[in-house]
Peer 1: 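I have a structure here, written as C-alpha cells, and I will follow up with some questions on it.
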Amino acid sequence: MAIKQSVLRRLDVALTPSYPVLIAEGLLDNLASYISEKRIAIIKDTVVGPLYAARVKKALEGVGKESSLHLVQAGEDSKTLASFGALLAEMVGEGLERKSAILALGGGVIGDLAGFVAASYMRGINFYQFPTSLLAMVDASVGGKTGVNLAQGKNLVGAFWQPKAVFIDPSVLRTLSLKEFKQGAVELFKHGLLADGSILTDVLRDDFHPQGDPDFLADLILRSVKVKADIVAQDEREGNVRAFLNLGHTLAHALEAESNHHISHGEAVVYGLVFASKLAALRGFSDEGERVKTFWHYVKPAALPQRDFQQLLPYIARDKKHHSSKQNWVLLKTIGQPCIVSDVSLEHLELSWQEVLKLEEDSST
C-alpha cells in the first residue's frame, strides 16, 4: 500500500542483510504492507500503548495478520532482566513461533527490550522497530543494539540483533512534550558533531519543534539517521569506528547509572557533550565549547544528579569502550573528525568536570 499522506523516504542500512529505514507521515496506519510475517507480537509501554497500539493492531489485522499486545511499564526501570524474562514467558504463552515477529512500539527502552527478546526467543526471530520518540527515531532504533540494564551500569547485558525494518512516522512527534523533544534533539546534535555540520544549525531553527513542518522534520531525521547508518555499516559490532557514536556517552551513562536513571538519557548526554568538548580543547583539538554550550542552553537539562566526580569514577571505569584497563574517550579533533584517545589524565577529567559544574551554576544565577 502506498503512503498517501506524504513522500516516503527510504534509507537502507548497508549490512548483510540490509534493511530499510522508512520515513513518512501516515506510516503508522500503513506499516502492515512492509511486514511479511503473518503473526506479530506488539510490545508497548503504558504511555505509548494507549496512543497508538490499537491503530497498529488494526493496520495489521486489516490485511489478515494476527497480532497480540504485550504491555510493560513506561520508563528505564522496565529495562531489566525481570521484564525480559516476563516477556519471554508471554511469548511462550502466546505460542509465538519461529516464523513470527516482534514489533517494538515505543521509545528507546521498548526498542532495546523488545529487540533483546527477539534476539533471544527461539534463538532469534525477526523484529521491527516503530520508534515513537525523537531520540529513538534517530538513535536507538537503528544499529541493532539491544539489551537491558544491571544495577552496576547501563546496557551491560544484551545482543546485537538488527531489525528487519524501521518505521518512522513524524506525526507521532506531535504527542511529545517540548522537553522530551529537545532531549531527543541531543542525539541529532551529536550526529551533527560527528559528520554533518548542517544539523548543528537546523536543530536551533524556530520551526524545529514537535508541530514543525513534517517535510523539514522528515528530512532532518533522515540526515541524522544516515550518519548513524553509515557508521554502523562500517562496524556492526563496535570493534572500532562505531564507538564514535558514544561521543558524550561515557559521562552520560555514569550520570544515569549513579542516579538510578533519575536523569534522562538526553539530559545526561548533553552534559557529556559539554564534558567531551572541554576534554578535546584541553588536548589541543578544536574548541567547540561555545557551540555545545549554546545547545546546552537550548535543551535546559535538569540539575546534575551528582556533583562529586569521584562518585562517578567507578561507573566510568565500567564503560564498555574501555579495554585492557585503559579508559577510552571519544573526542572531536574538529567537526566531522572524531577520534578515540586512551591517555586522558585525571587532571583533565577533573578540569572538564569543573567546566560542567560552572556551566550549570552560571545558568542558575
Side-chain angles (χ1 to χ4, degrees), residues 1-13 19-72 74 87 90-91 93-115 117-118 121 125-138 140-142 146 161-176 210-211 214-215 217-218 221-222 225:
M1 182 184 296
I3 301 298
K4 297 180 179 180
Q5 288 85 342
S6 71
V7 174
L8 177 66
R9 294 163 172 84
R10 175 176 178 141
L11 172 69
D12 290 311
V13 182
Y19 60 90
V21 179
L22 304 173
I23 307 175
E25 288 255 328
L27 193 51
L28 179 74
D29 299 309
N30 292 277
L31 58 81
S33 301
Y34 304 95
I35 295 177
S36 57
E37 294 79 8
K38 181 174 177 57
R39 191 170 186 181
I40 313 297
I42 303 166
I43 298 179
K44 58 178 183 172
D45 69 23
T46 50
V47 171
V48 172
L51 294 172
Y52 303 119
R55 287 172 61 185
V56 171
K57 188 174 176 65
K58 180 180 178 181
L60 292 169
E61 295 178 353
V63 295
K65 298 184 185 297
E66 301 174 18
S67 64
S68 57
L69 297 173
H70 303 269
L71 182 68
V72 298
L87 285 169
E90 289 183 24
M91 301 298 115
E94 288 284 340
L96 208 66
E97 301 173 347
R98 182 165 287 167
K99 291 186 178 180
S100 306
I102 288 173
L103 173 66
L105 179 65
V109 169
I110 290 296
D112 285 359
L113 181 58
V117 171
Y121 186 70
I125 64 174
N126 288 335
F127 93 110
Y128 297 85
Q129 289 270 22
F130 196 106
T132 57
S133 69
L134 180 60
L135 192 154
M137 287 177 182
V138 301
S141 65
V142 175
T146 73
W161 194 248
Q162 300 295 339
K164 193 173 179 182
V166 179
F167 307 121
I168 296 176
D169 186 339
S171 70
V172 304
L173 295 174
R174 295 171 192 144
T175 62
L176 296 183
Q211 288 75 39
D215 285 330
L217 291 175
I221 290 168
L222 181 67
V225 170

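Starting from 1, each residue takes its place in the sequence as its number. These numbers come from a predicted model, not from an experiment.
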Peer 1: Show the nearest heavy-atom pair for residues Gly95 and Arg39, with the distance to one decimal.
Peer 2: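 Closest pair (atom of Gly95, atom of Arg39, distance): O-NH1, 3.3 Å.
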Peer 1: What is the minimum heavy-atom distance between Pro210 and Leu173, and which atoms define it?
Peer 2: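 For Pro210 and Leu173, the tightest heavy-atom pair comes out as CB-O, 3.3 Å.
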Peer 1: Test of understanding: with salt bridge (charged side-chain N to carboxylate O under 4.0 Å, His left out), list the residues that count as partners of Asp169, not counting sequence neighbours.
Peer 2: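 Per chain and number, Asp169 pairs via salt bridge (charged side-chain N to carboxylate O under 4.0 Å, His left out) with no residue.
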Peer 1: With rounding to the nearest 0.5 angstrom, report the CG to CG distance, Leu22 to Leu222.
Peer 2: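 Rounded to the nearest 0.5 Å, the CG-CG separation comes to 11.0 Å.
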Peer 1: Measuring only between side-chain heavy atoms, which start at C-beta, is Ser36 closer than 4.5 Å to Lys99?
Peer 2: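 With C-beta onward as the side chain, the pair stays apart.
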Peer 1: With a 4.5 Å limit on heavy-atom distance, are the side chains of Leu103 and Val56 in contact?
Peer 2: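 In short, these two side chains touch, coming nearer than 4.5 Å.
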Peer 1: How about Tyr19 and Val142: do any of their side-chain heavy atoms sit closer than 4.5 Å?
Peer 2: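 Side-chain contact under 4.5 Å: yes.
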Peer 1: I'd like to know if the side chain of Tyr52 pairs up with that of Thr175 as donor and acceptor (distance under 3.5 Å, no hydrogens or angles considered).
Peer 2: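 There is such a pair (donor and acceptor under 3.5 Å, judged by atom type) between the side chains of Tyr52 and Thr175.
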Peer 1: Salt bridge (charged side-chain N to carboxylate O under 4.0 Å, His left out) with Lys65: which residues, sequence neighbours excluded?
Peer 2: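 Expected list: none.
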Peer 1: Would Ile23 and Val7 count as a side-chain contact (heavy atoms from CB on, under 4.5 Å) here? Give the steps.
Peer 2: CA-CA 8 Å; Ile23 307 175; Val7 174; over 6 Å; no
Peer 1: Could you give all pairs that pass the salt bridge (Lys or Arg N to Asp or Glu O under 4.0 Å) test and reach residues 43-54, with sequence neighbours left out?
Peer 2: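 The answer is none; no pair qualifies.
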Peer 1: State the CD1-NZ distance between Ile102 and Lys164, to the nearest 0.5 angstrom.
Peer 2: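 If I round to the nearest 0.5 Å, the distance is 13.5 Å.
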Peer 1: Is there a side-chain contact between Ile110 and Val48, using heavy atoms and a 4.5 Å cut-off?
Peer 2: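 Of all side-chain heavy-atom pairs linking Val48 with Ile110, none is under 4.5 Å.
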Peer 1: So, for Arg9 and Ala218, which heavy atoms are closest and what is the spacing to 0.1 Å?
Peer 2: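 Taking every non-hydrogen atom into account, NH1-CB, 3.5 Å.
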Peer 1: Working to the nearest 0.5 Å, report the span between NZ of Lys58 and CG of Leu28.
Peer 2: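 So the NZ of Lys58 and the CG of Leu28 are separated by 11.5 Å.
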Peer 1: Can you name the residues that form a salt bridge (charged side-chain N to carboxylate O under 4.0 Å, His left out) with Glu97, not counting sequence neighbours?
Peer 2: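 Residues passing salt bridge (charged side-chain N to carboxylate O under 4.0 Å, His left out) with Glu97: none at all.
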Peer 1: After noting the C-alpha distance and the side-chain angles of Tyr121 and Leu87, does the key distance pass the side-chain contact (heavy atoms from CB on, under 4.5 Å) rule?
Peer 2: CA-CA 10 Å; Tyr121 186 70; Leu87 285 169; over 6 Å; no
Peer 1: Taking atom OG of Ser33 and atom CG of Leu27, what is their separation to the nearest 0.5 Å?
Peer 2: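 That separation rounds to 9.0 Å.
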Peer 1: Which heavy atom in Lys38 sits nearest to a heavy atom in Gly64, and how many Å separate them?
Peer 2: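 Of all heavy-atom pairs spanning Lys38 and Gly64, the closest is NZ-O, 3.0 Å.
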Peer 1: With rounding to the nearest 0.5 angstrom, report the CG to CG distance, Leu51 to Leu105.
Peer 2: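 Taking CG in Leu51 and CG in Leu105, the distance rounds to 9.0 Å.
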Peer 1: Which residues pass the salt bridge (charged side-chain N to carboxylate O under 4.0 Å, His left out) test with Glu90, sequence neighbours left out?
Peer 2: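 None.
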Peer 1: Does Ser171 reach the main-chain N or O of Glu25 with its side chain, forming a donor-acceptor pair under 3.5 Å?
Peer 2: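 The answer is no, because no donor-acceptor pair under 3.5 Å joins these two groups.
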Peer 1: Could you tell me the separation between the OG atom of Ser67 and the CD atom of Glu94, rounded to the nearest 0.5 Å?
Peer 2: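 Ser67 OG to Glu94 CD: 9.5 Å, rounded to 0.5 Å.
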Peer 1: To check you understand the geometry: which heavy-atom pair defines the closest contact between Thr46 and Ala74, and what is its length?
Peer 2: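 Nearest heavy atoms, Thr46 then Ala74: OG1-N, 3.0 Å.
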Peer 1: Counting only N and O atoms by type, is there a donor-acceptor contact under 3.5 Å from the side chain of Trp161 to the main-chain atoms of Ile125?
Peer 2: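 Confirmed, Trp161 side chain pairs with Ile125 backbone.
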Peer 1: Looking only at non-hydrogen atoms, find the nearest pair between Pro170 and Ile168 and report the distance.
Peer 2: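 Closest heavy-atom pair between Pro170 and Ile168: CD-O, 3.7 Å.
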Peer 1: If you look only at distance, which donor and acceptor atoms sit under 3.5 Å apart when one is on a side chain in residues 127-137 and the other is two or more places apart or in another chain?
Peer 2:
from, atom 1, to, atom 2, distance (Å)
Tyr128, OH, Glu37, OE1, 2.6
Thr132, OG1, Gly106, O, 3.4
Ser133, OG, Ala136, N, 3.1

